[in-house]
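Computed from a predicted model, the values in this text were never measured in an experiment. Numbers restart at 1 for each chain; the letters A, B, ... are given by sequence-line order, proteins then strands.
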Protein chains: 2
Amino acid sequence: MATIRDIAKITGYSVTTVSRVINNHPYVTKEKKDHINQVIKEMNYVPNQTARNLSSGKSQNIGVLVPFINQPYYDQMLKGINKAAFENDYRVTLLPTDFDPEIEMGYLEEFSAKGFDGLIVVTRANHLEVFDDYRQYGPIVFCEEADGSHCGAAYPDITGSMMKVLSYFKDKGIKRVGLTLGRDNRLSCNSKTAIALCQEYFPEFTTDDIMWNCHDLTKGKAAAAFFKERGVDAILANGDEIAAIILKEYEGGKAPLIVGRDNLLVGEMLGLPTVDHQLIQCGETAFNLFYEESSEKIKQPFEFIKR
Amino acid sequence: MATIRDIAKITGYSVTTVSRVINNHPYVTKEKKDHINQVIKEMNYVPNQTARNLSSGKSQNIGVLVPFINQPYYDQMLKGINKAAFENDYRVTLLPTDFDPEIEMGYLEEFSAKGFDGLIVVTRANHLEVFDDYRQYGPIVFCEEADGSHCGAAYPDITGSMMKVLSYFKDKGIKRVGLTLGRDNRLSCNSKTAIALCQEYFPEFTTDDIMWNCHDLTKGKAAAAFFKERGVDAILANGDEIAAIILKEYEGGKAPLIVGRDNLLVGEMLGLPTVDHQLIQCGETAFNLFYEESSEKIKQPFEFIKR
DNA sequence: TTGTACGCGTTATCAC
DNA sequence: GTGATAACGCGTACAA
């Protein structure tokens, strides 16, 4: 593989001059420039990106921490992040955590090894404060509420949408609400908020009416059976797919009022109410916060789709 | 940011010795090792990954070329690739092409700049031969049929599944078949094959019964109208989501026999027949081919789900 | 306008 | 066991 020095030797010019040509810097006569460019083409020379990164201290590459691939919520975020990154000539590296705190810590170490110019944390498995220590290595942006953190955040307004849905439930005369949640982990602020809000709007609500760990579709059927037994008349699901499966299980009988969370086709097809949290836009904003090195917290507006 | 030289200076040992400790190499007395390790911890020193990459000539990072993010077909592939990569301690960088040949060429240039140890091409926008020139920079693996290429390939058996579905159509007494396709591009071998097979099984089939460019759900309604007008009695759709939308549009009237292509929840909910092409497994295999530097061509078995 | 020489941070070779 | 020192390939003061 040819190096810049080879080009210098062959053309008879110095490494600097060749470098100038490569990077379109001024102060090179057209004549030399042409000659060098020609040799570069002939030799099939391409500047080594790693060497450039080392020299510049940057890599035009960000890491995105996300628990899973191929799940609607995360894929939508990823789409937005990726779109903005592409537009700004950045690369996106996937860092799947499976919600494992140790795996996540490993990525933070990689970050401190200057593996990425910045990090976008779609969902975290460690405490918020842990991340502040790593701000020194580059911008970190969350896609969750991150109050008290020094990092930026662009996040869906889950709280707002839940309040909207719950008050809708009240208007509809709902008596007893069931809830599906993704993580039984205390780290999930969304889960905590959800419970608090349910209790606020429905004082009789207890955690007994929660179906935990619904980030797997196989949980859908079990959830339906669970809610049937408990006799809830409305369900706030943590995703359209879970909502769909639950609805299907009620087929024939009288189904409760089920609301999903990510405005997917399956919800539309089944006529399920849902919330569009504008996750793609959210991802775009997250990247932009990284790009502008901003630590602003931006809450993304949502849309309640009643159907 | 502390460097290996700082550690050497502080401990009083040489850079070499420090490097040995970092990389767990032999020939270091436990005493020195402990001392060095302690200073490393105190100084919060982490070896710079870029420097290591430059020195070793590797990056433990592969690029994945894929037209879009957040589309079932590609997300499933991505999931498989990502899983295998994670297990082998590799990172995955997303390289979205939007089917644009020039963008794709840009990624190939990045590859030749040693930006990635290897490339997985889920779908390409350039001719197959183009890629052979870049084999010199590392393994390239396709997730499509790649006959005649020197690169490896792990791909879904679209041909096989289509034959199965088409003969199923014949058994069911279908007279006229409609087809939805993703690209009107001549590069898409799948599209070409699909047309050929339709003509083989249904000699009266013409390209007039094809709805092109269906990789956007907004095309679904138009497709339904199109097929209604043409009066087909079976539709082979290029995805469960498209299939679902088309079915929905026929609601009330007599719908044709519609078959999807990626075994999604929405298809299951609507009772649509589909094909499971085992894309996740396919992605895993693709990564393994890269990892083993193999140029084998592996066709992934499929499952026809009749419903 | 051009070139020399050094820095970026690590790993590997080889002499001691 | 240990330590200089030369790669790795590029960018860039600074001198000319």
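- Scanning for side-chain hydrogen bond (donor to acceptor under 3.5 Å, both in side chains) contacts around A/Asp216 gives A/Thr218, with sequence neighbours left out.
- Proximity of the aromatic rings of A/Phe68 and A/Phe99 is defined here by a centroid distance below 6.0 angstrom, and this criterion is met.
- Below the 3.5 angstrom threshold, one finds a donor paired with an acceptor across the side chain of A/Arg20 and the base of C/dG3.
- In this model, a donor atom of one side chain and an acceptor atom of the other lie less than 3.5 Å apart for A/Ser59 and A/Asp117.
- Within residues 22-35 of chain B, the residues having any heavy atom under 4.0 Å from DNA chain D are, by residue number, B/Tyr27, B/Val28, B/Thr29, B/Lys32.
- For NZ of A/Lys297, the number of neighbouring non-hydrogen atoms (other residues, nucleotides, ligands) closer than 6.0 Å is greater than 12.
- Using a 4.0 Å cut-off on heavy atoms, the residues of residues 39-60 of chain A that approach DNA chain D are A/Tyr45, A/Pro47, A/Asn48, A/Ala51, A/Arg52, A/Ser55, listed by number.
- Distance CE (A/Met1) to C1' (D/dA7): 17 Å, rounded to an integer number of Å.
- For A/Thr97, there are no side-chain hydrogen bond (donor to acceptor under 3.5 Å, both in side chains) partners, not counting sequence neighbours.
- For B/Ala286, the side chain to side chain contact (heavy atoms under 4.5 Å, CB included) partners are B/Ile120, B/Val141, B/Cys143, B/Ala154, not counting sequence neighbours.
- A/Asp157 contributes no side-chain N or O that, together with a main-chain N or O of A/Lys299, makes up a donor-acceptor pair within less than 3.5 Å.
- Under the rule for a salt bridge (charged side-chain N to carboxylate O under 4.0 Å, His left out), the partners of A/Glu284 that lie at least two apart in sequence or sit in another chain are A/Lys83.
- Where the helix from C/dT1-D/dA16 to C/dC16-D/dG1 starts and where it ends, the local axes point in directions that differ by 40°; five pairs per end, rounded to 10°.
- With sequence neighbours excluded, the residues that form a side-chain hydrogen bond (donor to acceptor under 3.5 Å, both in side chains) with A/Glu104 are A/Asn126.
- Distance CD1 (A/Ile7) to C1' (C/dG3): 17 Å, rounded to an integer number of Å.
- In this view, A/Asp34 and A/Lys30 satisfy the salt bridge (charged side-chain N to carboxylate O under 4.0 Å, His left out) rule, not counting sequence neighbours.
- Residues meeting the ring-ring contact (aromatic ring centres under 6.0 Å, His included) test with A/Tyr73, sequence neighbours left out: none.
- A/Phe131 and A/Tyr134 have their aromatic ring centers separated by at least 6.0 angstrom.
- For the salt bridge (Lys or Arg N to Asp or Glu O under 4.0 Å) condition, the pairs that include at least one residue of residues 105-115 of chain B, sequence neighbours left out, are A/Arg91-B/Glu110.
- Less than 4.0 Å separates DNA chain D from at least one heavy atom of each of the following residues of residues 9-18 of chain A: A/Thr16.
- As rounded to whole Å, 17 Å separates atom C1' of D/dA7 from atom CD1 of A/Ile4.
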